[in-house]
Amino acid sequence: MSEQNRLETFRVEKLQHIIDLGHDPYGQRFDGHRPIAEVRPLCPEENGIDGEEVRVAGRIMLKRDTGKLWFVNIKDMTGNIQLMISKNELGDEQWALVKTLDLADIVGVDGLLRKTKTGEISVYVKKLTILTKSIAPPPEKYHGVDDVETLLRHRYLDLIYSDGVLDRMLLRSSIIDSVRQTLRGNRFVEVETPVLHAIAGGAAARPFITHHNALDIQLYMRIALELHLKRLMVGGVERVYEIGRVFRNEGIDATHNPEFTMIEIYQSYGNYETMMDLTEAIVTDAARIVKEKLGLEGDRLVLPWGDETIDFTSPWPRKKYADLFEAAAGFPMTDHEKVIELAKTKHIQTENVHIDVIVNKLFEELVEDSLEGPVFVIDYPASICPLTKRKQNDPTIAERFELYVKGMELANAYTELNDPRLQEQLFKTQLAGQAEEDSMAKMDHEFVYALKVGMPPAGGLGIGIDRLVMLLTNSKTIRDVIYFPLMKPEN
RNA sequence: GCCCCUAUAGCUCAAUCGGUAGAGCAUUUGACUCUUAAUCAACAGGUUCAAGGUUCGAGUCCUUGUGGGGGCACCA
């Protein structure tokens with residue numbers, strides 16, 4: 001028998017013992033228990049004085065058995081507390097149940113709040129209820145689990161045993177709550193649109209391909225939310241957004257997971273400047289919630305980022321793409337000869353590649369990483385923006401911005417192109433040097449028809465929720481803010 | 001796709017030059033009614049990721065594979 005089986009066997013024997021004692025090792029409904037964080041402050045200040053009777057429940061994290069008196073630490077979603085369990089108090093029958101307890105079991109107790117002689121807030125147990133017997137051997141009680149692979153494959157172990165993981169994920173939920181609240185305050189409507197697309201449009205990314213059996217057609221997992229939300233604006237849903245999973249069949253690294261959460265927001269009768277204001281509102285509202293939850297002081301909206309900080313205090317600077325390019329390159333992006341010359345020294349392909357694609361590659365290399373932010377980069381070269389309205393006085397420039405923080409692209413927005421004939425033409429124009437799958441321009445006749453019916457002028461905005469959560473929770477990798485990041489299957 | 005690192009008891013980690021695989025925690029047994037990673041005593045626990053190879057002898061060296069981590073590339 002392996003060591004693991006041996007450890008499990010002892011626990012199964014205890015489980016049988018619980019049944020023999022007339023209890024259910026997998027428990028039953030347990031009403032009226034209170035969050036530990038809420039109960040702790042109710043404990044009397046003075047040692048040894050009985051306080052209120054409370055009911056709490058949680059998982060056993062530590063056990064100190066001094067014979068006829070046990071100290072057991074349990075934790076729930078809000079915090080942890082010590083239980084003091086005395087043989088004299090409980091009597092023989094309950095004591096037999098206490099003796100079956102192991103680390104990682106889930107218990108409920110009724111008891112009196114009381115500080116121990118050494119001042120530890122405790123529940124002096126009057127009644128113990130077994131809620132779930134854990135039969136898997138638990139990890140090391142102090143170090144927990146350290147192996148990244150184990151933690152990611154069994155995220156619940158990470159949540160139980162790694163400090164801060166649960167709190168961080170709860171912050172994620174609070175941030176998403178905050179985003180919804182900001183949008184509700186601005187009269188936006190949340191909707192759901194299809195995940196399975198016949199054409200994977202709205203972004204430049206390689207899609208996952210799947211198949212519908214009954215229809216015998218190829219379908220794609222969506223890479224963006226854009227085109228359906230715009231259709232809804234045509235239909236009169238003037239302010240609309242969706243928070244949803246999108247899928248991109250690309251590499252995995254610290255800032256990329258194959259499935260991730262996007263929010264896209266469309267506001268009829270707005271433009272990209274409208275969306276800049278909205279972006280500031282969404283991000284600063286969420287940052288304020290995080291700052292509050294972390295208990296941070298100060299007038300400015302400053303959050304920690306590794307050894308540094310990020311100052312989210314608005315307004316954020318708005319800098320022109322062309323100006324940033326020129327400042328970094330030393331010549332304007334309209335100087336095509338110099339652009340190509342510099343590109344060659346950087347080993348960027350220039351043959352049969354559209355000049356704006358080359359400019360953008362240079363921009364990524366020269367400018368992007370240095371954008372500490374938050375900073376709005378505005379007014380992009382039009383030819384790399386096939387879904388964006390051009391500037392009224394300059395058709396080579398698109399009314400688009402990207403928000404950068406710590407070199408990461410956090411948001412992307414534009415004044416939406418609503419001219420159906422220009423849209424159709426841009427869908428047809430495959431930019432030279434771009435593989436079809438890398439292009440944002442995928443012909444979608446039905447979408448062009450929608451624009452012919454008429455879409456109001458509008459601003460549109462996309463924010464990577466995972467990256468937003470990373471920046472607000474001081475997380476350097478996307479894995480830290482996704483419960484179940486993609487892993488290769490074992491074997 | 002390329003390069004580097006990594007895999008030892010349930011968990012956290014050792015193992016010198018290639019020479020009997022060890023410790024702490026957890027478990028088991030015993031003691032203990034105010035502990036704080038409780039303490040004390042005793043027992044037990046191993047396909048060293050997998051498959052090959054070199055060698056008298058491999059956890060250790062070599063090859064291949066698998067999982068994971070990091071970097072590059074890809075990715076607005």
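Naming convention: chains lettered A, B, ... in sequence-line order (proteins, then strands); numbering from 1 in each chain.
The aromatic rings of F401(A) and F376(A) sit perpendicular, their planes meeting at an angle over 60°, well past the 30° parallel limit.
Regarding contacts with the backbone of A76(B), every side-chain N or O of R206(A) stays at 4.0 angstrom or more from both OP1 and OP2. Proximity of K63(A) to the phosphate of C25(B): no side-chain N or O atom is located under 4.0 Å from OP1 or OP2. OP1 or OP2 of A38(B) lies within a sub-4.0 Å distance of a side-chain N or O belonging to R64(A). Distances shown here put a side-chain N or O of R153(A) below 4.0 Å from the OP1 or OP2 atom of G68(B).
Within the 4.0 angstrom heavy-atom criterion, only backbone atoms of the sugar-phosphate kind lie near E364(A); the bases stay farther away. Across all strands shown, K115(A) has no heavy atoms under 4.0 Å from either base or sugar-phosphate atoms. The residue M487(A) sits close only to the backbone: its heavy atoms come under 4.0 Å of sugar-phosphate atoms, none of a base.
The interatomic distance linking N412(A) (CG) with C75(B) (P) rounds to 16 Å, in whole Å. One atom, CD of E13(A), and another, C1' of U27(B), lie 12 Å apart when rounded to the nearest Å. If you measure from atom CG of L371(A) to atom C1' of A76(B), you get 13 Å, rounded to the nearest angstrom. Atom pair D102(A):CG and U28(B):C1' shows a separation of 11 Å (rounding to whole Å applied).
Checked against salt bridge (charged side-chain N to carboxylate O under 4.0 Å, His left out), E365(A) has no partners two or more places apart in sequence or in another chain. Listed by chain and residue number, T255(A), H256(A) satisfy the side chain to side chain contact (heavy atoms under 4.5 Å, CB included) test with D253(A) (two or more places apart in sequence, or in another chain). T129(A) pairs by the side chain to side chain contact (heavy atoms under 4.5 Å, CB included) definition with F30(A), K127(A), L131(A), not counting sequence neighbours. For R55(A), the salt bridge (charged side-chain N to carboxylate O under 4.0 Å, His left out) criterion is met by D110(A), not counting sequence neighbours. Partners of A96(A) under the side chain to side chain contact (heavy atoms under 4.5 Å, CB included) rule, at least two apart in sequence or in another chain, are L21(A). Taking the side chain to side chain donor-acceptor pair (under 3.5 Å) definition, one finds that E3(A) meets it with R6(A), sequence neighbours left out.
In RNA chain B, stems built from 3 or more consecutive Watson-Crick or G-U wobble pairs, each with both distances under 3.5 Å, span B:1-7 with B:66-72, B:10-13 with B:22-25, B:28-31 with B:39-42, B:49-53 with B:61-65.
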Can I get a per-line list of side-chain donor-acceptor pairs under 3.5 Å for residues 119-126 of chain A, giving both atom names and the distance, sequence neighbours left out?
unit_1, atom_1, unit_2, atom_2, d
S122(A), OG, Q82(A), NE2, 3.0
S122(A), OG, E120(A), O, 3.0
K126(A), NZ, E89(A), OE2, 3.4

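Between the side chain of D379(A) and the backbone N or O of E399(A) there is no donor-acceptor pair closer than 3.5 Å.
Atom NZ of K391(A) sits in a crowded spot, with more than 12 heavy atoms from other residues, nucleotides or ligands closer than 6.0 Å.
The stretch residues 65-74 of chain A touches RNA chain B through D65(A), T66(A), G67(A), K68(A), L69(A), F71(A), each having a heavy atom under 4.0 angstrom from the strand. Within residues 154-166 of chain A, no residue approaches RNA chain B, by heavy-atom distance under 4.0 Å.
Among the nucleotides U27(B), U35(B), A76(B), the one closest to any side-chain atom of Q82(A) is U35(B). In the set C75(B), C34(B), G68(B), the nucleotide with an atom closest to the side chain of E149(A) is G68(B). Among the nucleotides C34(B), A76(B), A44(B), the one closest to the side chain of R114(A) is C34(B). For T116(A), whose side chain is taken as the heavy atoms from C-beta onward, the closest listed nucleotide among U35(B), G68(B), A37(B) is U35(B). With C34(B), A37(B), A76(B) as the candidates, the nucleotide lying closest to the side chain of L62(A) is A37(B).
At a threshold of 4.0 Å, the pair K133(A)-D102(A) counts as salt-bridged, since one of the basic side-chain nitrogens sits closer than that to a carboxylate oxygen.
Smallest separation of non-hydrogen atoms from M443(A) and K428(A): CE-CG, 3.5 Å. Closest of all the heavy-atom pairs between I160(A) and K75(A) is O-NZ, 2.6 Å.
Side-chain rings of F325(A) and F363(A) stay apart, their centers remaining 6.0 Å or farther from each other.
Sequence neighbours left out, not one pair with a member in residues 59-71 of chain A passes salt bridge (charged side-chain N to carboxylate O under 4.0 Å, His left out).
C17(B) takes the syn form, because its glycosidic angle lies no more than 90° either side of 0.
Rounded to the nearest Å, the gap between the C1' atom of U8(B) and that of A21(B) is 8 Å.
You won't find any donor-acceptor pair under 3.5 Å spanning the side chain of E120(A) and the base of U35(B), going by distance alone.
Both T255(A) and K488(A) lie close to RNA chain B; mapped to their nearest nucleotides by heavy-atom distance, the more 5′-ward contact belongs to K488(A). Each of S86(A) and Y142(A) was assigned the nucleotide of RNA chain B with the nearest heavy atom; the assignment lying further toward the 5' end belongs to S86(A).
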Could I get a table of every N or O pair under 3.5 Å where one atom is in the protein and the other is in nucleotides 3-13 of chain B?
unit_1, atom_1, unit_2, atom_2, d
C11(B), O2', E140(A), N, 2.9
C11(B), O2', G144(A), O, 2.8
U12(B), OP1, D146(A), N, 2.8
U12(B), OP1, D147(A), N, 3.1
C13(B), OP1, D146(A), OD2, 2.9

